[in-house]
Amino acid sequence: MRLFKEANMIQKRTKIRELLRMKPEGQSLTVMGWVRTFRNNQFIALNDGSTNTNLQVVAPLGVFDETLLKRITTSASLKIEGSLVPSSGKGQAMELVATSIEVLGDSDPEKYPLQPKKHSLEFLREIAHLRFRTNTFGSVFRVRHSLAFAIHQFFNERGFVYLHTPVITASDAEGAGEMFRVTTLPFDNPPRNEDGSVNFREDFFGRATNLTVSGQLEGELGATAFGEIYTFGPTFRAENSNTTRHLAEFWMIEPEMAFYDLEDNMNLAESFIKYIIGYAMEHNREDLEFLAQRLQEEEKALPQDKRSEWTLLEKLEFVLKNDFERITYTEAIDILLQSPAYKKKKFQYDVKWGIDMQSEHERYLVEKHFRKPVIVTNYPKEIKAFYMRQDDNGKTVAAMDILAPGIGEIVGGSQREERMDKLTARMREMHIPEEELYWYLDTRRFGTVPHAGFGLGFERMVQFVTGMGNIRDVIPFPRTPKSAEF
RNA sequence: UCCUCAGUAGCUCAGCUGGUUAGAGCAUCUGACUGUUAAUCAGAGGGUCACUGGUUCAAGUCCAGUCUGAGGAGCCA
């Protein structure tokens, strides 16, 4: 009975996104949504989240009770029945002339924090639970949804298996970053060993556990059975990073493919990025146009030389149509050494073969020299992880990073070391305990194969596509140091 | 974690070399108007000047510490 009623309510409702595509010929429709503004005691701008475009609802003068009209305040929720007609006003093609208005939920205008005006992103971050009701965040999170959907579609079309790697892990061997401990032990008085250290054998899992910093090692287990897998889930880093590009909780996509070399890996990563951007451009045109416009207005405050030369859509279009630049680390260092910036001593950090490139170096390559996404390959082994495949020269590994304009490293990947002897030798050099990773090494023990994979930070991708400057504005509930309110 | 900047009304901000009762625009409320597009016009209410301590006859203003936020750096995705 209850189910039937709910279905009935849904069937009657027309989403504004669909309504706006109809031909207005006086048809009778029901809409439900939240009030954005109420002008002139007569015109309701109604938004239901399906699109940024508000529906203009006309409440003809004299038809509705004064006490009802008083309740039509910013963000009150309404159910409206009316007829869809061509608009006699200028700002919109059609409007709904209300025959009945029901207030589903009141919104006290003295207390509701959002106003029909511009708010700073910093302020909206403080009311993250309500910011979805703004145009900017409406667009950002519809685009985020589309990108997530496109990711699954891309891999599904190519026969990849979506592998759910664990959120709680016991492995602390990879060293991808500081970890959040997971425990049920009492923190004021944990059980102790004789030497005074905490006795994790008495903890929930019988050992020390943490939130995952990467699903890659588990991903390799999948790849060496299914051939091609991908993970897409939350990842946690307890680093005290306070930047526009870091979160303590973020989402990562990590494909892992057997029978792929570095070149295959790069090809996949490049077509993957183009695919999901193309998907958003096709399905979220309106949102992207809104975000592009928002960005342009924001940049008006900047001096001429700091403004971007392209609009957001032009930038995305360009990325779609052009090949990413591919250079080796060694070539990248040469370019930096030859650069006017280096010769004029503009770099704060020195450049020489063997360094881990700094943000300023990556920015120079991507934003000044090539002016497009760049894939840098074959880094020195000293600055990369133990599992990356060693090149024949003994100096470099088959790594690749994709650097994007504006955000820097968006993808990090490599061909993995499939040769047992080389891998364990490197682990010993880097003091990584083999015993703890016996399960990982089993992939090399039993039918090892050449394989490769990469990790892509989802929020950085959403930043790139939406043009949002701060990563805290592209995840619904950002977790950063000293901040986990909602 | 380091460096720099900031915290004054619901929001965005002004407040000079310390000196009467701390201001503006927007928002809100009341009234007017009624085809408006962040409507318009008139009026009203609204403040622990982040917190703690100090200097001083006197602190929003100066000093110290703390907290929070932003930008940059490092770490990285």
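Just so it is clear: chains get the letters A, B, ... in the order the sequence lines come, proteins before strands, and each one is counted from 1. As a basis for the values below, the full set of heavy atoms in this structure was taken, side chains included, without hydrogen atoms, waters or symmetry mates. Predicted, not measured: the structure shown is a model, and the values here were computed from it.
Applying the ring pair (Phe, Tyr, Trp, His ring centres under 6.0 Å) rule to pairs touching residues 101-126 of chain A yields A:His119-A:Phe123, sequence neighbours excluded.
Heavy-atom minimum distance, A:Glu459 versus A:Ile475: OE2-CD1, 3.4 Å.
At a threshold of 4.0 Å, the pair A:Arg426-A:Glu429 counts as salt-bridged, since one of the basic side-chain nitrogens sits closer than that to a carboxylate oxygen. In summary, A:Arg416 and A:Glu256 engage in a salt bridge, as defined by a charged side-chain N under 4.0 Å from a carboxylate O. Taking the charged nitrogens against the carboxylate oxygens, A:Asp473 and A:Arg125 do have a contact shorter than 4.0 Å, which makes a salt bridge. At a threshold of 4.0 Å, the pair A:Glu367-A:Arg371 does not count as salt-bridged, since none of the basic side-chain nitrogens sits closer than that to a carboxylate oxygen. Checked for salt-bridge contact, A:Lys395 and A:Glu382 miss the test: no charged N lies under 4.0 Å from a carboxylate O.
Every residue was checked against the side chain to side chain donor-acceptor pair (under 3.5 Å) condition with A:Arg472, not counting sequence neighbours, and none meets it. Legend: residues meeting salt bridge (Lys or Arg N to Asp or Glu O under 4.0 Å) with A:Asp287, ordered by chain and number and at least two apart, are A:Arg142.
Contact annotation for A:Gln92: base contact, defined as any heavy-atom pair under 4.0 Å involving a base atom. A:Glu95 comes within 4.0 angstrom of a base, heavy atoms only. Within 4.0 Å of A:Gly457, counting heavy atoms only, lie sugar-phosphate atoms of the nucleic acid but no base atom. Residue contacts shown for A:Leu247 include a base, since a base heavy atom lies under 4.0 Å away. Contact annotation for A:Phe464: no contact, since no heavy-atom pair falls under 4.0 Å across all strands.
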Next item on the list: Give RNA chain B the dot-bracket treatment, 5' to 3': Watson-Crick (N1-N3 with N6-O4 or O6-N4) or G-U (N1-O2, O6-N3) under 3.5 Å, [ ] crossing, | other strand.
Entry: (((((((..((((.....[...)))).(((((.......))))).....(((((..]....))))))))))))....
Is there any protein nitrogen or oxygen under 3.5 Å from a nitrogen or oxygen in nucleotides 70-72 of chain B, and what are the pairs?
residue : atom : partner  : partner atom : Å
B:rA70  : OP1  : A:Arg125 : NH1          : 2.7
B:rA70  : OP1  : A:Arg472 : NH1          : 3.0
B:rA70  : OP2  : A:Arg472 : NH1          : 3.1
B:rG71  : OP1  : A:Asn470 : ND2          : 3.1
B:rG71  : OP2  : A:Asn470 : ND2          : 3.2
B:rG72  : OP2  : A:Thr244 : OG1          : 3.4

Could you run down the sub-3.5 Å N/O contacts of the protein with nucleotides 4-11 of chain B?
residue : atom : partner  : partner atom : Å
B:rG10  : N2   : A:Gln115 : OE1          : 3.0
B:rG10  : N2   : A:Gln115 : NE2          : 3.0
B:rG10  : N3   : A:Gln115 : NE2          : 3.1
B:rC11  : O2   : A:Lys117 : NZ           : 2.6

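Separating the C1' atom of B:rC76 from that of B:rU68 is a span of 25 Å, rounded to the nearest Å. Rounded to whole Å, the P atom of B:rU4 lies 32 Å from the corresponding atom of B:rG10. Look at the C1' atom in both B:rU12 and B:rA38: the space between them is 14 Å, to the nearest Å. Nucleotides B:rU61 and B:rU48 are separated by 16 Å at their P atoms, to the nearest Å. Taking atom P in both B:rC63 and B:rG47, the straight-line distance is 29 Å, to the nearest Å. Spacing between B:rC67 and B:rC75 at atom C1', rounded to whole Å, works out to 25 Å.
In the interface, the side chain of A:Ser241 is paired with the base of B:rC75 through a donor and an acceptor atom under 3.5 Å apart.
Remark on RNA chain B: of its neighbouring residues A:Pro109 and A:Lys482, the 5'-side contact belongs to A:Pro109, judged by nearest-heavy-atom nucleotide. Between A:Ser359 and A:Ala248, the residue anchored nearer the 5' end of RNA chain B, judged by the nucleotide with its closest heavy atom, is A:Ser359.
Side-chain atoms of A:Asn40 lie closest to B:rU34 of the nucleotides B:rU37, B:rA73, B:rU34.
Going from atom CG of A:Leu295 over to atom CG of A:Leu288 covers 11.5 Å, rounded to the nearest 0.5 Å. Residue A:Ser87 holds its OG atom at 10.0 Å from CE of A:Met94, rounded to the nearest 0.5 Å.
One interatomic measurement links the two molecules: NZ of A:Lys70 to P of B:rC29, which rounds to 8 Å at whole-angstrom precision. A:Asp473 has its CG atom 13 Å from the C1' atom of B:rG69, to the nearest Å. If you take CD of A:Gln42 and P of B:rA39, they are 14 Å apart, rounded to a whole angstrom. Straight-line distance from the CD1 atom of A:Ile44 to the C1' atom of B:rG35: 14 Å, rounded to whole Å. Rounded to an integer number of Å, the gap from CD of A:Gln293 to P of B:rA38 is 11 Å. In this structure, A:Met357 places its CE atom 16 Å from P of B:rA73, rounding to the nearest Å. For the pair A:Gln56 CD and B:rU36 C1', the computed distance is 7 Å after rounding to whole Å. If you take CG of A:Asn54 and P of B:rA39, they are 11 Å apart, rounded to a whole angstrom.
Remark: A:Lys315 qualifies as a cation-pi partner of A:Phe464 under the 6.0 Å distance and 45° angle criteria applied to the six-membered ring. Cation-pi geometry between A:Arg133 and A:Phe137 is not satisfied (NZ or CZ under 6.0 Å from the ring centre, within 45° of the ring normal).
At the phosphate of B:rA39, OP1 or OP2 sits under 4.0 Å from a side-chain N or O atom of A:Arg39. Between B:rU37 and A:Thr37, no contact under 4.0 Å exists linking OP1 or OP2 to a side-chain N or O. One finds a side-chain N or O of A:Asn240 lying less than 4.0 angstrom from the OP1 or OP2 phosphate oxygen of B:rU1.
At a threshold of 4.5 Å between non-hydrogen side-chain atoms, the residues A:Ile44 and A:Ile72 count as touching.
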